[in-house]
Amino acid sequence: MTTFDKREQGFEAKFVHDEELMFKATARSNKLLGLWAATQLGLSGDAAAGYATALVTDHLENHSMDEILDKVAGDLAAKGVAREQVAARLQECMHQALLQLEADK
């Protein structure tokens, strides 16, 4: 195996690792956002968990982050929560999810 082949394998392994990390972080951040949104909606227990799980599974069904953001913002519009607030919360959730994943290592 040449140095070039080893380097190529290294890049491929890093790509796979990074994609897996983003997948896990996105799923976790969607769950965190869902739990936060459920609280804002007055949901608790199984209803809150169900709402959060639905956001995770929606993303798995090829919905984009914008679609997830639109859904949550639409759900919270009646509560006076602006889309920008939901977007900011989503960024916080992503940061928290990445920190949690790093701590799990």
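What's counted below: heavy atoms across the whole structure, side chains too, no hydrogens, waters or symmetry copies.
- Under the salt bridge (Lys or Arg N to Asp or Glu O under 4.0 Å) criterion, the residue pairs touching residues 88-97 are Arg89-Glu92, with sequence neighbours excluded.
- Qualifying side chain to side chain contact (heavy atoms under 4.5 Å, CB included) partners for Ala49, counting only residues two or more places apart in sequence or in other chains: none.
- In this structure, Gln91 contributes its side chain and Ala88 its backbone to no donor-acceptor pair below 3.5 Å.
- Lys14 pairs by the salt bridge (Lys or Arg N to Asp or Glu O under 4.0 Å) definition with Asp18, not counting sequence neighbours.
- Other residues sharing the hydrophobic cluster of Leu90, ordered by chain and number and joined by side-chain separations under 4.5 Å: Leu33, Trp36, Leu41, Leu43, Tyr51, Leu55, Met65, Ile68, Leu69, Val72, Leu76, Val81, Val86.
- Atom CG of residue Leu101 and atom CD of residue Gln96 lie 11.0 Å apart, to the nearest 0.5 angstrom.
- With sequence neighbours left out, the side chain to side chain donor-acceptor pair (under 3.5 Å) criterion links Glu67 to no other residue.
- Taking Asp5 as the reference, Thr2 meet the side chain to side chain donor-acceptor pair (under 3.5 Å) condition, with sequence neighbours excluded.
- Not counting sequence neighbours, the partners of Gln9 by the side chain to side chain contact (heavy atoms under 4.5 Å, CB included) test are Met1.
- Other residues sharing the hydrophobic cluster of Val16, ordered by chain and number and joined by side-chain separations under 4.5 Å: none, the residue standing alone.
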What donor-acceptor contacts under 3.5 angstrom involve side-chain atoms of residues 22-32, with partners at least two apart or in another chain?
unit_1, atom_1, unit_2, atom_2, d
Lys24, NZ, Glu20, OE2, 3.1
Thr26, OG1, Met22, O, 2.8
Arg28, NH1, Gln100, OE1, 3.2
Arg28, NH1, Asp104, OD2, 3.3
Arg28, NH2, Asp104, OD2, 3.3
Ser29, OG, Ala25, O, 3.2
Ser29, OG, Thr26, O, 3.0

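- Applying the side chain to side chain donor-acceptor pair (under 3.5 Å) rule to Asp66 yields no partners; only residues at least two apart in sequence or on another chain are considered.
- Listed by chain and residue number, nothing satisfies the salt bridge (Lys or Arg N to Asp or Glu O under 4.0 Å) test with Asp46 (two or more places apart in sequence, or in another chain).
- Remark: Asp58 pairs with no residue by the side chain to side chain donor-acceptor pair (under 3.5 Å) rule, at least two apart or across chains.
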